[in-house]
Amino acid sequence: MGRFYNWGLTIAQLLILILLHPTTAQEGFVSLACCADANFKDKNTSIEWIQDSQWLFPNYSSSCGNINNNNNNEKCRMFGNTVLGPKRYCYDLNTVKGKEYLIRGTFLVNESSSSEGPSSLFGVYIGKTLLGWVRSFQNSVVIEGIFKAKRNYIDFCLEKDDKLGEAYISYLELRQIGDFSYLSTFPSHVFKLISRLNVGESKFDIRYPYDPIDRIWKASPSSHNVGRFLSEPSINISSNSNSNSNSNASLGVSLEVLRTALTHPNQLVFLHHDLDTAIHEYRIFFHFVELNQTVESGQRLFDIYINNEKKATNFDILAHGSNYKWEFYDVLANGSLNLTLVKASVGSELGPICSAYEIMQVRPWIQESDEKDVEVILKVRDELLVANQQNEVLASWSGDPCFSIPWDGLACDSINGSSVITKLDLSDHKFKGLFPGSLPMLAHLQTLDLSDNDFSGNIPSFPTSSVLISVDLRHNDFRGELPESLALLPHLITLNFGCNPYFGKELPPNFNMSRLTTDYGTCDHSESTFLKKGIVIGTVASGSVLFTIIFGVIYVYCRRQKFVFRGRYDLKRELMMKDIIISLPSTDDAFIKSICIQSFTLKYIEAATQQYKTLIGEGGFGSVYRGTLSDGEEVAVKVRSATSTQGTREFENELNLLSTIRHENLVPLLGYCCENDQQILVYPFMSNGSLQDRLYGELAKRKTLDWSTRLSIALGAARGLTYLHTFAGRCVIHRDVKSSNILLDHSMSAKVADFGFSKYAPQEGDSGASLEVRGTAGYLDPEYYTTHHLSAKSDVFSFGVVLLEIICGREPLNIHKPRNEWSLVEWAKTNIRESKIEEIVDPSIKGGYHAEAMWRVVEVALACIEPYSAYRPCMADIVRELEDSLIIENNASEYMKSIDSFGGSNRFPMAADRKVVPPPTPTPTEPSPISHELAPPEPR
């Protein structure tokens, strides 16, 4: 295992190095040193660092912290160490539309202060696309992404996910990538860097000026050095210019990276275990150089495996005459990646060799808000800032206005996949100064409320194209006359401008009083703030007293009755019980229920299951066993395993939730056991298994589910979810809707199960963000995953995937199928939009369904899996649509039976020429139709 080093460079290498590092290399660089005292030049890299203050929105409140790690005396900028104030902080960086960029944020932590202050979690975004999360006061983090600029700027944002703690950043770097395209086949995606390793021997990281676009090639950790290093004295890199893939110059890989490599007589293995546990697509770039010039083509052959899947056979670096070659491969993975290079079994004399590799996680680019709307609202912001520098509302006005949490006072809608501003409410926020002159140019604005401020000056004209529906200008100091252009807007319904003492009271001559609702400029003082506050306080006080009385009545009742459960008990069962759970919904609920759940002893559970004799299933919580209670009722007993990924929180969550709710399409909880560190849940036994088993599991091999039964199951599950989403005035979100969590009883009635991840929907005033995204790969709502903002529409997306399973009889993810069929959602969506319905319908039910009923369900599924939640229907709409489909199907079945009795065919006709038309662009006065009768609810 000899090691050979050559620190000299040939003339050819020097020429290439000059080509790779032109004097203008830093023209495409932006290098921000946060909280730096002055601009400076790094003596090691020659990178010119500048202060970050001019890239920050002036209304931000921030502070600077010292980082004393490694005695470098570095700094970081800290944001948001208050409960109030904005939760998003952005840097606005200039880009060139159509060019690819590398962007990198460095988040340093002072290790000596790791225990000081509250910990915090914040997201790192480019535009509206989440790159990653940083947990403050834990570890220093570098987050890097590669993106294609969609416009002439990009926002790099930090968004806090909690009320306390701080977001912070030390360095921000933007690098324009040259001719080489990382995103050639992924133009609408973002690459998040997972790893970039120089696997040849190197003690130091390699970056600019050796790498022209300042990629940082990390020195390979010793655990990866399973082979030996080579560095030959006579490398001829200049021959790479004719490589069949891409030349060294176009790729820009550092000579310092390529001049060493790692090799082994048999195999090289590189393991990565710290990946996201959700399934993502990854692109792996390998960089190979044949450093031994005595080797000829055919002597070094090796196979390339990624996660045990062979990606290349008999790979030969020299096959096309070049001693340098790069290769990339795409793979689906969750949790880990195993990159293995194995010497070819036949014909190879030498083992594999590798110089470097990069691992990129592929993330979908979340389309930014309408460019024209953004341009206008930024002008409005600048106009408001003239007289309102310290206004707390404007402090949140940075980044994309329709981000996961829109700017304060704004509401947005989605048109053609792009967010537009439909509402601006700045009422009662102490604004002053002139009416923003750019505001009338917001092309999609429907509601404008500037009331209860100190605005002054004249009101500008509005274009006839404006779609304003409601305008409120009351309680200000506007002057002049009401512009005729505003009063005559074609869609305007409400116009109030009273309590402007210097404002003209005369209406425009063409003012249509019959069409508009207006206050005619009069001032109504009856609605005083004091009166409103008195009503609110009185209501709250009365409600509190009423709740206390009701709670007392329930408590006394349950103490006397001991327990109330399912209406039948005997002495033997009473002796098994130790305690009672009484669940009271929140004070927001319209009524209060009491459902008491049995507590079983561990001894009784063991007897009921005959010492856990019959295993009927496995899940994330643990094993499920079949058992029989003393009264003969068959049950399913779910026992948490010691290695379960779900813990006490999920156990208590399900226990508390199911002690509150009951519905015929939700699996009821009969009892529980929490004894000797055992956590056990007991449910009624569902004799027909899960929907997943019946569609494509073992049970499906015995008997196929007919279409009518599938429709009935879908309808039952939808009713169960509708009950959750409308429960007692407080929506419950399941968060793990999937076919394996829809169980079937003896009559094939659907029961939604597994509520360990369920939680109440965020209410007004909540952030709406979930620190931990929960769900199952293939069913997970992409909007929820990228924004961490939870809503009932996340369940709707998952249910749409279930509907596709019911239609197609296929699992949501299957990497053993052709690449374009890996994802059921994408494959089905493509065929549906091309009206190739027969291509996706489960072959086992072809000819056994009515075309109209099938199309209705297909269109519902398509609506559910819309990328933007605002375009998805609510569960109540889905129930109505499925009810109609089932009626059509059942009526058609009866008709066909009657035809069949006279010798007719029992096959239903296909509507072969029916087309699926994408939702038209909605106008502000007309919601976007999804299908014939199904339309999405109003966006929240």
Side-chain angles (χ1 to χ4, degrees), residues 554-555 557-584 593-664 666-690 740-741 743-746 751-756 758:
I554 292 176
Y555 177 78
Y557 177 79
C558 283
R559 290 282 294 175
R560 290 184 176 183
Q561 295 295 321
K562 286 277 189 167
F563 54 84
V564 181
F565 183 76
R566 301 180 69 234
R568 63 177 194 273
Y569 290 93
D570 54 27
L571 179 60
K572 186 182 295 184
R573 178 168 291 188
E574 184 174 355
L575 292 175
M576 298 183 301
M577 300 181 60
K578 297 185 299 181
D579 53 37
I580 305 297
I581 294 177
I582 304 173
S583 286
L584 292 175
K593 288 186 187 179
S594 176
I595 298 176
C596 299
I597 305 297
Q598 292 180 265
S599 174
F600 295 109
T601 64
L602 183 59
K603 184 176 181 181
Y604 182 82
I605 293 291
E606 291 172 346
T609 58
Q610 296 182 344
Q611 301 297 322
Y612 311 110
K613 177 181 178 181
T614 307
L615 178 68
I616 58 175
E618 295 275 359
F621 184 83
S623 302
V624 184
Y625 300 91
R626 188 169 179 174
T628 306
L629 300 183
S630 58
D631 62 359
E633 182 176 7
E634 288 192 290
V635 292
V637 179
K638 188 158 65 171
V639 182
R640 181 173 180 258
S641 67
T643 58
S644 171
T645 57
Q646 300 177 28
T648 301
R649 182 175 59 180
E650 286 75 16
F651 173 80
E652 293 177 348
N653 192 50
E654 183 144 1
L655 193 59
N656 290 329
L657 184 64
L658 291 183
S659 64
T660 308
I661 60 176
R662 280 290 188 272
H663 188 269
E664 61 182 346
L666 302 178
V667 172
L669 180 66
L670 301 183
Y672 73 102
C673 174
C674 192
E675 183 179 324
N676 296 343
D677 295 327
Q678 286 274 25
Q679 292 178 331
I680 300 172
L681 298 169
V682 181
Y683 309 89
F685 175 67
M686 297 293 155
S687 57
N688 276 305
S690 71
S740 60
N741 281 342
L743 305 183
L744 307 172
D745 65 9
H746 65 283
K751 313 274 187 181
V752 179
D754 201 344
F755 300 89
S758 300

**Report entry** Set of residues satisfying side chain to side chain donor-acceptor pair (under 3.5 Å) with respect to Ser690, sequence neighbours excluded
**Finding:**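 Side chain to side chain donor-acceptor pair (under 3.5 Å) list for Ser690, sorted by chain: Asp693.
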Measure the shortest side-chain to side-chain distance between [X] and [Y] over non-hydrogen atoms and say whether it is less than 4.5 angstrom.
{"X": "Gln598", "Y": "Val682", "result": "no"}
{"X": "Tyr604", "Y": "Cys673", "result": "no"}
{"X": "Leu669", "Y": "Tyr683", "result": "yes"}
{"X": "Asp754", "Y": "Lys638", "result": "yes"}

Query raised in the report: Can you name the residues that form a ring pair (Phe, Tyr, Trp, His ring centres under 6.0 Å) with Tyr625, not counting sequence neighbours?
Result: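 With sequence neighbours excluded, Tyr625 shows a ring pair (Phe, Tyr, Trp, His ring centres under 6.0 Å) to Tyr612, given in chain and number order.
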Report task. Check His746 against Asn688 and note the closest heavy-atom contact, atom names and distance. Result ->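 Shortest heavy-atom contact: O-ND2, 3.4 Å.
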Report task. Give the minimum heavy-atom separation between Ile616 and Ala636, together with the two atoms involved. Result ->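 Scanning both residues completely, I find the closest heavy atoms to be CD1-CB, 4.2 Å.
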What pairs with [X] under side-chain contact (heavy atoms from CB on, under 4.5 Å), at least two apart in sequence or on another chain?
{"X": "Thr628", "answer": "Glu634"}
{"X": "Gln678", "answer": "Leu602, Val639, Ile680"}
{"X": "Ser758", "answer": "Asn653, Leu657, Val732, His734, Phe755"}

Query raised in the report: Atom NZ in Lys751, atom CD in Glu664: separation rounded to 0.5 Å?
Result: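 One finds 6.5 Å between NZ of Lys751 and CD of Glu664.
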Query - Separation between CG of Leu743 and CG of Leu666, rounded to the nearest 0.5 Å - result: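 The CG atom of Leu743 sits 11.0 Å away from the CG atom of Leu666.
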